[in-house]
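The structure appears right after this line, and notes come after that.
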Amino acid sequence: MYRTKTCGELRLADAGQTVTLAGWVQRTRKMGGMTFIDVRDRYGITQVVVEEASPLFEVANRLGREWVVQVTGAVGERSSKNTHIPTGDIEILATELRVLNESQTPPFTIEDQSDGGDDLRMRYRYLDLRRTPVRRNLELRHRMTMEVRRYLDSLGFLEIETPMLIGSTPEGARDFVVPSRMNPGQFYALPQSPQTLKQLLMVSGMDRYFQIVKCFRDEDLRADRQPEFTQIDCEMSFVTQEDILQTFEGMAKHLFRELRGIELEGAFPRMMWADAMKYYGSDKPDTRFGMRFVELKDLFAQAPGFTVFDDAKYIGGICATGQAAYTRKQIDQLTDFVKRPQIGAKGLVYARVQDDGSVKSSVDKFYTQEVLQQLRQRMDAQPGDLILILSGDDAMRTRKQLCELRLEMGARMGLRDKNTFSLLWVIDFPMFEWSEEEGRLMATHHPFTHPKDEDIPLLDTDPAAVRADAYDMVCNGVEVGGGSIRIHDPELQDKMFRILGFTEERAQEQFGFLMNAFKYGAPPHGGLAYGLDRWVSLFAGLDSIRDCIAFPKNNSGRDVMLDAPAALEQKQLDELCLNIVAPQK
RNA sequence: GGUGCGUUAGUUCAGUCUGGUUAGAAUACAUGCCUGUCACGCAUGGGGUCACGGGGUCGAGCUCCGUAUGCACCGCCA
């Protein structure tokens, strides 16, 4: 046995015991006549003392950072305590000190506040994972999957694995593909989600399924998007949308209770997609704060000499409470912010409500105080408030711009606190979206999503107006999960494929397996998938999901530690019959 | 496919606006001193292809163009 105790568990009550610890040298402090060694493992840090008189003194002074050591000695009370760490009252007076392994000087110091940048941390991720903050994220992730399994198991869900090598489907994200050696010229695809497989499990009568499962999407990365990521994938039979929302709202509450000690009271608010877009300009509104949009188009008639609003199809405002003291410079910063190419607004109109109730705005020259007072009333603005207005000739685009402005103001006003959580359901998503690129309607969620019963007649007359039994769970402006009731009627499914522009042959070719299964008695079913990485990030207050993934990819989809992806040997390529010539080395 | 910001010591950064002697700091590392440190302290020392290529200039870390690469974002992500 290499150790009898860990480096995090010894306390004053253990004084007098002889123990053996093993771990990494965090650092040594040589005082001349004595040397302190901080030994670290994943449980904590314990101080070891070696005095000059000890035969171990020479070894102790030779130790370098990150050497692996084994120490035996008596637990003693420290004469001067360290109140910063749990083991700070005790130390080990070493009687044995063995070097289990030496270490090169690490490229960055293993400390909570790392001095390594992202790229270096990824290159030496195994060292980065020795750092407490990163390790804690993985610990939290572990506890979360344990709690998910506990909750779902208690409700009778079965965890069932589905294959990683499946067929490619052109709908949705790009697939990662895997060539098949035994079937030359043919390819598997890695699942973007086990969507159709879990629906088949419902046909099989599995009733309540879940899986904590890797999913793969060959799309560009973001701070919250990795090419492989983990879903908590769930499906239930004989349920309504209401049943599903209840079940998974329960799971969210369970996770908050067990992992954050937060009791979420009452049912989660539900917001129709159309309202989310109208009041927040987003299908994932951050509801930690208000500042809802107010439409102002009818208020601002054409004014001589002022052309900004002339072509506006949409004029919308938000009211920033108590921000009337914003300086000209701050307003200019906001204007620059909305004019950035990523946002693309033309400009910003502002109005301050003065202490006496009068409104001082950037459009004073063009609108009477009467109109401005109506504005103030419409915005429900009080003295001291700042009204910000955007306009544009494309209502949807302008709402998105206003959404960015709202989030920016929320951040500036400190209203986006990482320890405040505001959850809601966004429901009644539109069934279809028009794709300019494809020149056809595309499924907003996926082609198996059930339309709302009352909208089914519209499928024939006005498909773009059809809403779906689809829902997202949103927390603090992050989509943490989403799902839908699925179609279980083959005829309705056929109709959906037709609207989506599938020929019968193509629908059969790509989804024939599912359509055939549905001919043998598909139960009504629906489900949801949570993004595990996003949940962990949210609970840990992370800016990027990378920090809760042991070995993530960088912005370009590369694993800089493994140096993957990489070219293959010609022999491997030849076996796969890909007719690719390997690059010369 | 696009936009923005970056790339200088092992590491984190300053220096770039306003080109001009030997490119600095902190930290890490090495050596020495120190018996109560815990961000130990003190002293000394080593450590640089200023990402790469090109232009312009008497002269470039600094200016211009291109490339690579990192991060954030837009497009994309059923």
Side-chain angles (χ1 to χ4, degrees), chain A residues 26-38 45-54 57 61 64-66 76-85 87-89 91 93 104-124 127 169-175 191-193 195-196 215-227 229 336-337 340-344 397 400-401 404 429 431-433 435-438 441-449 468 470 479 482-484 496 500 502 510-511 529 531 543-544 546 554-556 558 560:
Chain A
Q26 175 73 29
R27 72 178 315 157
T28 59
R29 288 179 294 279
K30 298 170 193 173
M31 309 306 297
M34 67 193 308
T35 292
F36 298 100
I37 309 159
D38 286 344
I45 290 181
T46 297
Q47 174 168 289
V48 173
V49 198
V50 181
E51 299 205 315
E52 195 167 18
S54 165
F57 195 59
N61 287 335
R65 272 175 203 271
E66 302 306 315
E77 184 174 359
R78 291 199 201 180
S79 54
S80 65
K81 311 219 153 111
N82 181 349
T83 53
H84 298 108
I85 57 173
T87 61
D89 290 342
E91 63 193 0
L93 194 58
Q104 288 186 17
T105 301
F108 53 88
T109 53
I110 313 299
E111 283 163 356
D112 290 2
Q113 299 301 317
S114 163
D115 56 2
D118 279 355
D119 190 37
L120 198 71
R121 287 176 52 206
M122 292 310 150
R123 209 171 287 280
Y124 296 93
L127 297 181
T169 50
E171 287 282 296
R174 291 183 190 86
D175 284 319
Q192 298 173 30
S193 108
Q195 181 58 38
T196 49
C215 300
F216 305 87
R217 291 177 190 175
D218 187 9
E219 297 293 346
D220 286 10
L221 292 85
R222 290 284 190 282
D224 63 347
R225 273 167 29 189
Q226 284 271 305
F229 61 101
D336 289 344
F337 173 80
R340 282 161 44 184
Q342 291 99 320
I343 297 178
R397 197 183 307 151
K400 281 184 179 165
Q401 293 163 355
E404 296 295 336
F429 273 74
M431 187 76 223
F432 306 105
E433 281 168 326
S435 164
E436 288 296 337
E437 199 181 322
E438 301 268 326
L441 289 176
M442 307 271 283
T444 304
H445 188 52
H446 57 55
F448 320 110
T449 303
E479 179 198 328
S484 63
M496 297 301 296
L500 291 169
F502 282 72
Q510 276 160 22
F511 299 110
D543 293 323
S544 166
R546 278 193 295 266
N554 78 1
N555 237 10
S556 315
R558 297 200 66 82
V560 294

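By convention in this document, chain letters (A, B, ...) are assigned in the order of the sequence lines, proteins followed by strands, and residues within each chain are numbered from 1.
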Nucleotide by nucleotide, nucleotides 70-75 of chain B touches protein heavy atoms under 4.0 Å in the pattern (B base, S sugar-phosphate only, - none) SBBSBB

Which whole number of Å gives the distance between the C1' atom of B:G56 and that of B:U63? 9 Å

Distances for protein N/O vs nucleotides 42-44 of chain B N/O pairs under 3.5 angstrom?
none

Could you pull out all residues at least two apart from A:E219 that satisfy side-chain hydrogen bond (donor to acceptor under 3.5 Å, both in side chains)? A:R174

Complementary nucleotide for B:G48 - Watson-Crick or wobble, under 3.5 Å: none

Please report the distance, rounded to the nearest Å, between CZ in A:F229 and C1' in B:C76. 14 Å

Between B:U27 and B:C64, how far apart are the C1' atoms? Round to whole Å, please. 36 Å

Classify the nucleic acid contact of A:G344 as base, sugar-phosphate or nothing, counting any heavy atom under 4.0 Å across all strands shown. nothing

Could you give the CD-to-P distance, from A:Q104 to B:A28, as a whole number of Å? 19 Å

Sorted by chain and number, sequence neighbours left out, ring pair (Phe, Tyr, Trp, His ring centres under 6.0 Å) with A:F432 holds for none

RNA chain B: 5'-proximal contact among A:P447 and A:G117 (nearest heavy atom): A:G117

Tightest non-hydrogen contact, residues A:N555 and A:R546, listed as OD1-NH1, 4.4 Å

Interatomic distance at P, B:G55 relative to B:A28, whole Å: 43 Å

How far does the P atom of B:C73 sit from the matching atom of B:U57, given to the nearest Å? 43 Å

Looking at residues at least two apart in the chain, or sitting in another chain, which of them share a side-chain hydrogen bond (donor to acceptor under 3.5 Å, both in side chains) with A:R222? none

What does B:C76 pair with, Watson-Crick or G-U, if both distances are under 3.5 Å? none

Watson-Crick/G-U partner (both atom distances under 3.5 Å) of B:G4: B:C71

Within the structure shown, what part of the strands sits under 4.0 Å from A:T449 by heavy-atom distance: base, sugar-phosphate, or nothing? nothing

Do A:N554 and A:M122 make a side-chain contact, defined as non-hydrogen atoms from C-beta onward lying under 4.5 Å apart? no

Tabulate atom names and distances for all N/O pairs under 3.5 angstrom spanning the protein and nucleotides 8-10 of chain B.
from  : atom 1 : to     : atom 2 : distance (Å)
B:G10 : O2'    : A:P107 : O      : 3.4

Just checking A:Q195: base, sugar-phosphate only, or nothing, at a heavy-atom cut-off of under 4.0 Å? base

Counterpart residues, salt bridge (charged side-chain N to carboxylate O under 4.0 Å, His left out), relative to A:E436 (two or more places apart): none

Separation of the P atoms in B:U35 and B:G47, to the nearest angstrom: 32 Å

Any-strand Watson-Crick or G-U partner of B:G53, both distances under 3.5 Å: B:C65

Sequence neighbours left out, what passes salt bridge (charged side-chain N to carboxylate O under 4.0 Å, His left out) with A:D543? Give chain and number order. A:K418

Side-chain contact, heavy-atom cut-off 4.5 Å: A:S193 with A:R217? yes

Rounded to whole angstrom, note down the P distance from B:A51 over to B:U44. 31 Å

Can you name the salt bridge (charged side-chain N to carboxylate O under 4.0 Å, His left out) partners of A:E77, sequence neighbours left out? A:K81

Could you state the CD1-P distance from A:I110 to B:C29, rounded to the nearest angstrom? 12 Å

Under 4.0 Å protein heavy-atom contact, by nucleotide of nucleotides 31-41 of chain B - B base, S sugar-phosphate only: ---BBBBBSB-

If you define the side chain from C-beta out and look only at heavy atoms, does anything of A:Q47 sit under 4.5 Å from A:T87? no

Quick one: look up who B:A23 pairs with, Watson-Crick or G-U, both distances under 3.5 Å, and put none if it's unpaired. none

What closest approach, in Å, do A:Q195 and A:F448 show between heavy atoms, and which atom pair accounts for it? CG-CD1, 4.0 Å

NZ/NE/NH1/NH2 to OD/OE distance under 4.0 Å, A:R29 and A:D38: yes

Determine the Euclidean distance between corresponding P atoms of B:G4 and B:G41; express it in Å to zero decimal places. 44 Å

Nearest 0.5 Å please: distance from the OG1 atom of A:T109 over to the CD atom of A:Q26. 8.5 Å

Partners of A:D119 by salt bridge (charged side-chain N to carboxylate O under 4.0 Å, His left out), sequence neighbours excluded? A:R123

For A:Q510, check side-chain contact (heavy atoms from CB on, under 4.5 Å) against everything at least two apart and list the hits. A:P170, A:F502, A:R506

Say we look at B:U31 and B:C17: how far apart would their P atoms be, to the nearest angstrom? 42 Å

